[in-house]
Every structure is written in C-alpha cells, then in structure tokens.
Amino acid sequence: MTTAPGQTKSLYRHYIIEEYQLQKEPFYLPVHDEVQVFETAYKQKLPVLLKGPTGCGKTRFVEYMSYRLGQSLATVKPKGKGGAAAAAGNGKVGMPLVTIACHEDLTASDLVGRYLLEGQETKWIDGPLSRAVKTGAICYLDEIVEARKDTTVLIHPLTDHRRMLPVEKRGEILEAHDRFLLVISYNPGYQNALKDLKHSTRQRFISLEFDYSPREIESKVIEHESGVPADVAMNLAKLGEKVRHLKEHGLQEGVSTRLLIYAGKLIAGGIPPRRACQSAVVWALTDDAEVQRSIAEVVATIFA
Amino acid sequence: MQPTSEPGLPEALHRFPKTVYTEFQKGYDESSKRLAPDQVEAWAKAGVEIAEHSFRSWESATEYFRASPLVLPKLNFEQLMLWAQWGRSLAATSPIVSSAFFRATPEVLDRIPPETIGQWAGLGKGLYRSTWKSSSLAATFFESSPKLLQSVSLFEMEELVVFIDALAQKSYDLAAECLVLADSVFTKVDRADRKAFLGLASALARNNWRDVKPYFEHAPRAIYRVEKSQRPRYLALADRLARVSGVNVVTFLNESADALAEISPEDHAEMLGLAEQLAGAAPTAVGEFLRGLPTVLDRVRGEQLVQWFDEGLRLLKENEDGGMAFFRLESGRSEQLLEALSHGINLERVKEVLTMYCRALAGQDVELQATEILKERKIGWNSAEEATTEGSNIYLPVFIDRYNSKAENFSWFKVISTHQVAHLEFGSFAFSFDRPSAVYAGREQRHTRAPIVEGRHAISDLQRFFDSFTDRRLASDIFTLVEDGRIDHRVTVEYRGIAPAYRRVQGEAVAGRPAPNTLPLREAAMELLVRLSLEEVSPLAVPKAIALQLDAIKQVMRVMQSPLATIEDTAEATIRLYEVISRLPNVLQPDPEDQEQQGMEQESNEPDMEQLEKMLQDLMAQMSQGAGQPDGEQQKYESPQKIEFRGEFKPELVQALEQLRDKQKKGQGELDTKGVSPQDLKQMLEQSVELDLTDGQEGDLDQMAAAFVDNLMNQVSQEQQQRSGQGDHFPHVPDDDAPLSAKEPQAYLYDEWDFRATDYKPRWCRVRERRMEEGSTDFFENTLRTYSGLVSKIKKQFEMLAPESMRKIKHLPDGDEYDFDLVVESIIEKLAGDTPTDKVYWRRNKVERDVAVAFLLDMSASTAEAVDESRRQPDSGDFPDDPRDYMAWLRNRREEMSRRSYKRIIDIEKESTVLLITALEAIGDHYGIYGFSGYGRENVEFYVIKDLAERFGDSVKKRLDKITPMHATRMGPAIRHAVAKLDRQDARTKLLFLLSDGRPQDRGYSREGVEKEYAVHDTRKALIEARQKRITPFCLTVDRSGHDYLKTMCADMGYEVVTDIHSLPSRLPQLYRRLTV
Ligand SMILES: Nc1ncnc2c1ncn2[C@@H]1O[C@H](COP(=O)(O)OP(=O)(O)OP(=O)(O)O)[C@@H](O)[C@H]1O
Ligand SMILES: [Mg+2]
C-alpha cells in the first residue's frame, strides 16, 4: 500500500505518507468534562462533532484524546511533501490520528483514494479516510463546512450504524475497524447560510462545544505553550477576555488562544509586551483602524 | 403793582392775551427785587419786543416772563439780556421753538454754566431749517434738553446734534424720536464711549438710517458686553463695517457682542485685533469670525489661533464661499485644522474608540454618552461636567482641555472612563445583603445593623443599608471613598498599563486638597480617608487628637486593598469607619500646634482581621468614654471636596434603576405595591443624599417627587425600547446653523458636501437608525402569489448563478479526472524522450460569489403617488416648511393613505424588493435592505428592514410590510450610512443599490435655484465616497424626468431610469444579476 520514497516515480501524482509517533503526551488542560464525554462516546462508537471558534484547542484536544485512548499517536496527513518521512510501519501504532484539513477543493477521491498511473499501468492508492477506516484510527476532519457538499455526504454511511465506507471507483465497501472513530470540527462563527452544516450531517454526531477557556485555565495554557512567566500569561489571558467582549461589536471573531500564545512567544523572545500584542493581536485581528485603536488602548491599559 | 418810569410798556402788552400781562407782572416783581430800575426796564422791553415780533410770538413772551423769576437768580444782567436776545431770534424762526427754549431754561441752568447758554441755544437753532418739521424738531430739542443734560455734557450734546441733524435729513420723525430716546440711551453708554457711539450713529444716519433706531435700542447693551478699554475700538470696527454694504451693523453688534461676552474679557483686545485684520480683507466675514470665537477659543489659542485664522484669510482670497464657511465653522477644512491645532479633545472624536474600549473592559454593551444627556433626563444626576454611570451606560464630559497636549487629554479621558467602567466591572452596584462579604466573611455586621423591619420597605439593598445610619450623608461619603478607593486600587493592580496614568491623576487630585490640620476633627478624619483612598503616601501633619483614628482608618483601608474585596466588604468597612468617624466631634483642634507628622504608607504584610476588629472595638470604647476628645464649638459637617476624575457616584440611585429595569424586563409594565412603588421612590427621593432636591426647580416636594418618579419610569421604558430598537423620536427642528451632535444612541453624524465652498460641512446631518416596525407577513406572501410565474423564473435564473456553479479548468497537475487528450500527449512525449507534461488533469472550479449588497429604498412622501395615471394624487410631494403645518399635513396624508385602494410607487418598490429577496436568497449573497426618509438635516431616518448580518425570516417580511411613504429625501447622509455599513463587511464585491422615485429634496437641501444643485452635488459626492471605499454604487429611479439630474449625479457611475414602473419587479432582479455576474 505504502510506497517508500524513491522506489517509485509516479508521473502524475506523488503520495508520500508520513507516519510518526509522538513521544510525549500532548499538553491539554481539560475545561469541563469533555474528556470523559469523548471517552464514553468513543467506547460507544459515536461520532463526535467539535464546535468552537478558531484556535480554542479543538485540534489539541483530539490529539490528546487519541494519545490517551491509544498508547501512541500517529498523524497522517494527505498530500505531504516527500523526503523527511520516517520509516513506515514503525511497529506499535496505538491509536493513530488521521487529520484532514477540509477545503473547498477537497474531493471524494482525495479522501477515499484514487488510481495513479505508474509506468504503463494504473495503481490504486488509498486515501487517508480509507486508511483510517481500515487501520482503526481516529479520523479528524477539520473545518468540515469548508468541504464540498458531495464530499460531506461521503461520510454519512460511516457515521450511522452501518459504519462503512463505499469506495465507488473500485466497487467496494470498506467496513470500519472497531477502533475507528470519526471526529469533525466546525466553527459556527461564520453565520453564513452557505457554509452551514446540513442537518442530515450534523445530526449524525454528538456535539462538544468548545470556547475560549476561562482566564485561569487559558493563562496556564499560554504559560505552558509560550514559556512566559505566569503574570504575563495572566495579562495575556486578561487581554483575551477583554478583546472577546468586542465580538459582534466591531470584531467578527474574538482573539484565539493561538494568537495569545503567539504574543506570549514574542514576549518570551524579548519583544516588549505592547509591541508583541500589536503584532499578534491588534493587527492580526482586524484592519479597521478604529477597532485597532480600541484594542490597542486595551493593550495599553493592561500592559505597562 | 404799577408799571414804572416808562409807562408805555405795559400798555403795549395789553394788546396781547391776558396771560402775557399776568406773567409779566409776576416777572416784574421778581426783577424789581434783583435788578436796577433801568435794567428792569430793559428786561421788560425785551419781552415786549418778543411779543411784538410776529403774529404768535406773544406766546413766547409769556414763556419769557414766566421763566424770568426762575432764571433771574442764576444769571447776571448781561446774561439775562443775551438770553432774551436768543429767545427773540428763535421767536423770529418759530414761536414754538422760542417758547420751548424759554420753558426749558430754568432747569437747563441747573446743569450748565450760565455763560454757555448761548451755546446751548445755538445748538437748537442749528436744527431749524425754516420748515415746520424742523421747527418741531428744534422745539423737541429744547424740550428734552433738561432731561438729556442730566446724563450728557453740553459738549456731548453738540455731537448728538450733529447726528440728529444728519438723521433729520432723512427723517424728521425719526430724528425727533431719537432725541427723546437719547437720554435713556446715554445713561447706558459710558462717557468714554459716547463719542464713538455717536460717530457710528451718524455714519448710520447717513448710510442706513433705518437702522438707527434699532441701533439706539441694541447698541448700548452690546457695547456694555465688550471689555471697557476695547469699546472704542469695537465701535470703530463696527463703524468701518457700517460703511460696507452687506453688513447689518445691528445684527453684527448683537451677535458679536454676545460672542465676546462668552469669552474672557482679557481676550477681547487680541480678538478685535484679528477682526480688524479681517475687516480689511473681507468685512462680511468679520461677524462670522467673532460669532464662532467661543467655540474656536475652546479649542485653540495664541499661536494656534493665529494659524487657523491665517488659513481662513488665505482661503477667503481664494474662494469667498469657502472662506466664509471656514469662519462660520461650517467647513471640513476649518474643522480639521482646529482639530489638528487644538490640544483639547471632543468626546465626539474619541467616542467610538472609547466605547469599544469600555465594552471590552466591562464585557457588556455599554454606550458612551455626554453627561448633559443624563442631566437632561432629570433622574437625579445634576452635573453636566462630571463622568458618571447609571449602571448601564457611561457618561462623560463633552470636551476635555485640561492639559497642553492631546495625548494627556486623551489619557484623562481614558482614566475617567476606566474608573466608571471599573464600577461596572468590579460590581459597585451589585451590593447585596445576602451575599457574604469576602474579607469580612463571618464578621458581617450589616445584618444586625439593618434588620428587615416589618412594614418598612426599601427599594434596594443599598437603601436598606443606608437607612441604618443616623447621619446618612456621612455614611454615604465614607461609602463612596472606600468604594472608589477599592476599585481604583483594583484597576491599578489588574491593569498595570494604565497604572502610571492613574497615579498621575491621583497625584493631581491630592494637590489641591485642604490640609487635614486646618479642618475640624471629623472633616480632618474624612480628609485622611480621602488621601488613603487616593493611595497618597507622603507623610502629613495630622492633629494629635485623631492620631489613633488615623491608625484605624489606615488599617481598614488596607484591608480593602485585597484583590478579593467586594462591594459587600465596602459596606462592612463603611460601618466600621462610620462608627469611628461619627464619634469624632466636628470641632477645630484647640491647639493648632498640637499635631504630628504621620506616615501614610500602608503596611505591606497581610492584615490580621481578628486584630483589626479588636483594635476597632477598643478604640470605640475609648471614644465613647470621651477620652482625649477636645471640646469646642461643633461645626456643621461639610462633605470632603470632590475628586474630579472619579466623577459622580450614585449607587443607591443605580440600584433603584436596576430594580425598575428588572421589573420592566419581567413584563410588569405597571408598578405594583410589591416591588417598587411610586411611594417607595418618593421616599427614596426624600431620604437619599444622592438626590439633591435643592437643585431642582422650586415647587412642592410632592410635585417634584411625582415628576422624578415619572422621569425614572420613562428612563427605564426608553432603555427598553432602545434595546428592542424602536425608540420613538418626534422630529425636532433646531434652526441654527451649527454642526450637530449625536448624543442619542443609534444616531450617527455625517458631513455634507457644500459644492460652493468645495468643502464638507462637518457633522452636518444626523442619521437616526431604527428598526422598522413589524406588520404582517401578508404583503410578502401575497406578492409571491401575484408574481408566482416571475418568482420561479427568477429563482431558476439565480440558482444557476449559485456558488457551486462550476467551470472546467484544464492543464492542471492535479484534479478530478484525466484529460485524456493530454494524457495521450504526455505519454507520447515520454516515449519520444521528452520531458512529459504532468498537467494532465482537469477540474471543475468553483467560481465563488462573495457579494455584499445594501439596498436603499426611497421612502419619501412622493412615493405615495398613484402608479395609475387616472388616479393620480393631486399633490406631488411638496410639503410645508413650517414644522407645525408639516405635522398637520402629515396627519391628513396618513388618513388619506388608510383609505387607499390604488397602487402607489412605494408598493411597486416593495413588490420589487420581495422578488429581489427571492433572488438573493437563491444566490446566497449577503444583503441588507434599508429605507430612508427624514425631515431636515437633523432627522434623517434610516430604517433597517434587514441588516446585512441578519438572517432572512418572518420578521423581515413583517418589516417590509411597514414600509410606507414618509417625508423628504436627503440622499447624501443615507448613502453615507449605508456605505459605512458596507465598509464593515468583508466581501470581495460590494454594491450599493439606490432605488428612488425622484431627485433628492429636503428642507435646506434642495429648494429652488442653487439649492437643487446642492442636493445633487452632495448625493454625487456621497456616491463618489462609496466608490473610494470600493463599493459599486448603482442608482435606479422611476422618475421619468430622471435623466437630467441622474446624469450629473451619477456621471460615470451606473444608473438607469425605469420608464415603465410596472416593469420594475422584473427589471430589478435582472439588473442586479447583470451587475454582479
Ligand atoms: N485547554 C487547552 N489545553 C491546552 N492547550 C490549549 C487548550 N486550549 C487551547 N490550547 C492551545 O491553543 C492553541 C490552538 O489550539 P488548536 O490548534 O487546537 O485550535 P483549534 O480549535 O483546532 O483551531 P482551528 O479551529 O483554527 O483549527 C494550541 O496551541 C493549544 O495549545
Ligand atoms: Mg484546528
């Protein structure tokens, strides 16, 4: 199935699939009971939908859960670059995690697999979803609303009692491995009729709602991820809380934990806090001069 | 009494009516006493000569004889003869004049020296021009002389006569009137200014004599308002302007003096200097300049003022209209320059930034408004200058000019708003009896202090709390200081960035305060509390008598610095401080020397609550025994001097409001007895120290209480309405030409383009945004039914444009399918040894639509016109200018509307909108639908039928139903508002679609001649602004004569005139499609 790099030279499409194992447990601070709920859902084979604004820890949560659920973790990415891939079949794959970032050009073949021309012949290559279904991984479809509608319906049979994936091109049906679980994420913030999740899709999942965590937790996350001292992390979390109040009042989205971590990293790297926040928060969030100025004032109020 | 040596004389007199002789005899007695016999004879002879002079001159002679006894004591013989001679010569001109002269003399001689009598007489004579009218004027002169000379010197009188004479040449009546007025006018004009005053009067008499009387009436008051030493200069300036056509001096004086009265007298000289300079270049601009000064000087002075002035002067030379608008302050350039030059900051300028800032900190939808507004509501806030909050919004002064730089002034703004937000953020108004304190947990005293008493009802917990103190004022003062101190400390700890600015302001607040050792003891203790709450640490001289108390106050305040401390702790601290401070007599320290330096710094270690409580108890026990307390005269307790940056804090009132809000929310519109009753409110009004009854107008307490209760109720229900977006505003029409302010929420100000001045009039129009009322969905559904064929056609057309529409793209390295032609080609290439192409895929690519569009519907009165020619309405949308007439007209019109059975333009506009919505929903574009109308520049109504971010649903359908013809069409501001909305959208393609039925028109926007052009130019400018923001405007009109102005308005922009209105429903979606594909 997997082709080692260098062995084959595909004329038309070159897939190198990286597999690697995390050595460490990913850092994740539970906010509520999401860990228990997810674990239970997994045991009951219920697909999970993670809702929440960008950069609030959804991806990190899935990583953490797959680590927890297995012993080790593998991330499989579609369309990887060649070269640096670690050797495949590294032995003990506990609970692999296959992450697929959805985008508008993602086709069914991208997920399921396709024929490639090799020499004078064609060769079938499994897509990441098929791989996850077969090996029993957690398959994480990030930003599902970005995917095309015809792609979205593909997962329907996988997410009900059938738990199977039709592979049309080959005239096959793949039955999901016992360990397989489908997790999708979705950012409800868009408020766009076109980018809403269809009910027939949405009602196949249990939902976990994520939001930016409260000050105390978020500051610990920032502290851990960026390496700034606790008081700076607390101020960044405070800033996050304040800026998020402006959502719908000039800002389309509140500031993500991710951006706050970026700010922290800049500060840890020696950039003065106000300047760091300007780059990582003020300018990153909006182009509207008035709003920028307001946020800058909040920054100036919080940071000396 | 017998005639003397020359017996002929009396004989001669017998020829005249008897009174002559009677008066002669009286005079003869007196003159015999005072004069030698020959002199008496000369005197009598003079009288006879007067009498004989002409037909009616015996009347003058009578007056001569009658006045003589009174005059004799004041004149010597020579002077007497001269007097008689003058009289005779006047009699020669007119006996009336001469009579008046004689009659006035006795009193006149009380005021002027006898030797000047000829001078005086000469003045009167000079007025005579051998006409009847002139003689009457001369007589008036003499008649009014006695009174006039009370206030005027003879010398000044000469000046007056010059003026009267000049005026007489235009109108004798007016001249006479002015003579009569003169005395009362002169009493109002200072001696020093009279010459100039009269000089100007004469100039007016020559050039604009009709202005003379109003000048007489108004000028004295005007002159009085100018700084003394500058009055002559001021009058000279007016004089100069009086000679120029196009300047009305009286108006000038009135307006300029009002303006000068508003600015400091010290500035008058400098300002008049500038005005003189301006008078040389553009006399007509001088008035505008002076009139605007109060506003200008609020913002710039000195160097900056001159810079601003010079720019205006330069502009005047370049473009007169522009220059005039500049000085009138109706010009963007002027405004921008002032803004750039001034240090001060207008709330208006920073409102948006500060609003977002406050919202971010508070985490609630606070609005920022001017304190004036809160004051106007009369719900207990009386100051227009102080920052404050009523629990939901934040109120700030409209202008800050404390410091010499913008940055510092902004920083002040930021500090005062942060303080107010902190009240919200850190829960100053959330006080509750039931919630335990944090630092005083387990030690609460408030429950035992203020038990719940049957039958006594407090509106709020705070009221119940304050009720438990005998001295409410003292308790409230303490509470305020402790709470302000608590939140200020919290701010500086939580927000390290603003701490330096805060510290600075706190330091400045300490600077002007009284020294505690100069105050009576209780007030001294309060002053110490003030300083502790400001965290002022420098040591102070403190009366020895309160050294122990200071220690206690310090420790209580130290406790409040805990990050855990809540408003409930403030209450506990208040109780403890009150117990200590209220026990202090408010007497002056007997020996002022009996004081010592005390450190004010707080301990850094954690306070021990146990110890603190014990210490307080000991102290109180000690104080109750009266130990160490000086005697003396008790002084009335005065609250500590205010701390400006903290503004006003009225927690009790806010809690009351909060209660009312709660009720309102729960839907109990009416107050009942259980929650908050009007009685309760009245009671609060009487008791609370936060409400100052003396500040209201006179009137009995009951009446005031009732008004207050009404106002409070109004406030709450208005807030409610605003929240649901249905505030009802009646158009109000201030008629002065000044920029507006957007004090109310949901009001937005926009500049307007003045093409003559080629400049914007700053903040000229106020757009009031409000949600359209909701009707029923019937209109929408019916339209769909009527046009069902068209609907499905449109749907189909638009679905074809839907975002998933695909185009085949070839030559891709990756894709859905192989492009077999290319595959073959590639294989051939490979076999041929060439580098084969790898671009052998094709794919359907999504052509994504990313469109946001705002539809702007004209809801002007003219859209009420019937579409059907035969049933055309008689009036064509011309409405009365006077607001009262207008309202009557509107009522009529509405009545007519309700009886309507024909289709109007607006109905077709609405139907078209329905179809368009169908199209837009099919295609998925972001769209907003807005209607606009209005009345005057201060009332541009902007109705939201569907906001851009909103989803389509029943309420949109219902709102659509309510679209109806309203008032006028001021397009510019409506366009600008829609553009502002679109500008906030993220879309790649942005459109503004204007649907109208005629040219723009509105009061002061479009009437006759040049104004018509004005409206078109402003609208055009607004459309250009849209384009600069990358928004494509498109104008659609159903006005058949549309071509003429649309060509100007939309030159090089898209527009279309729909000649057959019935085609609009199909045309509109069609056009839209054409525009966006
Ligand atoms: N509870 C948490 N524990 C640990 N890390 C967290 C937590 N919440 C957020 N983070 C951090 O936030 C950052 C962003 O999180 P992540 O990438 O998972 O966001 P996301 O929700 O997947 O965003 P997107 O929707 O944009 O993909 C990560 O660096 C992660 O460390
Ligand atoms: Mg993610």
Side-chain angles (χ1 to χ4, degrees), chain A residues 10-14 79 104-105 107-110 114-115 117 119-120 122 148-150 190-196 231-232 234-235 238-252 254 273-274 277 286-304, chain B residues 350 352-365 410-411 414-415 417-418 421 425 491 494-502 802-804 813-818 823 826-827 830 836-841 843-846 848-849 921 923-926 949-952 983-984 986:
Chain A
S10 160
L11 255 185
Y12 312 111
R13 193 136 222 208
H14 196 150
K79 297 182 185 173
E104 57 240 45
D105 288 340
T107 60
S109 342
D110 289 337
R114 56 163 40 96
Y115 283 108
L117 246 161
Q120 300 294 321
T122 55
R148 276 164 41 171
K149 295 236 158 67
D150 60 330
Y190 290 122
Q191 293 292 328
N192 180 335
L194 294 173
K195 289 192 168 164
D196 213 358
D231 60 329
V232 177
M234 179 45 101
N235 278 341
K238 223 182 270 171
L239 175 65
E241 180 190 299
K242 301 302 176 194
V243 170
R244 282 162 202 155
H245 289 149
L246 290 179
K247 187 169 172 191
E248 319 263 275
H249 294 291
L251 277 187
Q252 285 190 327
R274 286 190 184 181
C277 291
T286 173
D287 301 326
D288 180 319
E290 288 282 284
V291 184
Q292 283 185 345
R293 171 120 198 256
S294 312
I295 302 173
E297 289 301 340
V298 177
V299 170
T301 287
I302 294 176
F303 289 95
Chain B
V350 292
E352 203 175 328
V353 166
L354 283 180
T355 303
M356 274 185 274
Y357 171 78
C358 289
R359 279 180 180 169
L361 290 194
Q364 65 188 66
D365 279 3
F410 180 75
S411 167
K414 202 174 153 184
V415 167
S417 19
T418 306
V421 177
E425 189 183 355
V491 167
E494 291 257 335
Y495 302 124
R496 301 275 296 285
I498 205 175
Y502 233 84
E804 300 264 10
D814 184 14
D816 292 350
E817 303 288 346
Y818 289 119
V823 172
S826 159
I827 293 170
K830 194 184 170 194
T837 174
D838 57 351
K839 296 183 176 154
V840 296
Y841 288 89
R843 179 171 62 192
R844 285 185 196 282
N845 208 17
K846 209 157 79 175
E848 204 176 346
R849 283 180 69 89
E921 285 295 322
I923 198 172
D925 289 354
H926 286 272
E950 205 176 343
R951 286 194 188 206
F952 174 70
D983 199 33
R984 286 194 291 269
D986 244 351

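Below, chain A is the first sequence line, B the second, and so on; all start at residue 1. Please read all numbers here as calculations on a predicted model, not as lab measurements.
With a 4.5 angstrom heavy-atom cutoff, A:Arg244 does not touch chain B via any of its atoms. Neither the backbone nor the side chain of B:Tyr502 comes within less than 4.5 Å of any heavy atom in chain A. Contacts between A:Val299 and chain B at a heavy-atom distance below 4.5 Å are absent for every atom of the residue. For A:Asp287, no part lies under 4.5 angstrom from a heavy atom of chain B.
With values rounded to the nearest 0.5 angstrom, B:Cys358 atom SG is found 11.0 Å from A:Glu297 atom CD. Once rounded to the nearest 0.5 Å, the distance linking CE of B:Met356 with CZ of A:Arg293 reads 10.5 Å.
Applying the side chain to side chain contact (heavy atoms under 4.5 Å, CB included) test to B:Glu494 and every residue at least two apart in sequence or in another chain returns A:Arg215, A:Lys238, B:Phe426, B:Arg490. Taking B:Ser417 as the reference, nothing meets the side chain to side chain donor-acceptor pair (under 3.5 Å) condition, with sequence neighbours excluded.
Other residues, nucleotides and ligands contribute at most 12 non-hydrogen atoms within 6.0 Å of the CZ atom of B:Arg496.
The two atoms that bring A:Thr301 and B:Tyr357 nearest to each other are OG1-OH, 2.6 Å, heavy atoms only. Nearest heavy atom pair, residue B:Lys414 against residue A:Ala300, reads NZ-CB, 3.7 Å.
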Practice item. Carefully, step by step, assess A:Lys242 and B:Glu425 under the rule salt bridge (Lys or Arg N to Asp or Glu O under 4.0 Å). Key: CA-CA 11 Å; A:Lys242 301 302 176 194; B:Glu425 189 183 355; 2.5 Å; yes

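Partner of A:Ser294 under the side-chain contact (heavy atoms from CB on, under 4.5 Å) criterion, out of B:Leu354, B:Val353, B:Thr355: B:Val353 alone.
Listed options A:Glu290, A:Met234, A:Gln292 were ranked by heavy-atom pairs under 4.5 angstrom with chain B; first place goes to A:Glu290. Ranked by heavy-atom pairs under 4.5 Å with chain A, the list B:Arg984, B:Gln364, B:Arg359 is led by B:Arg359.
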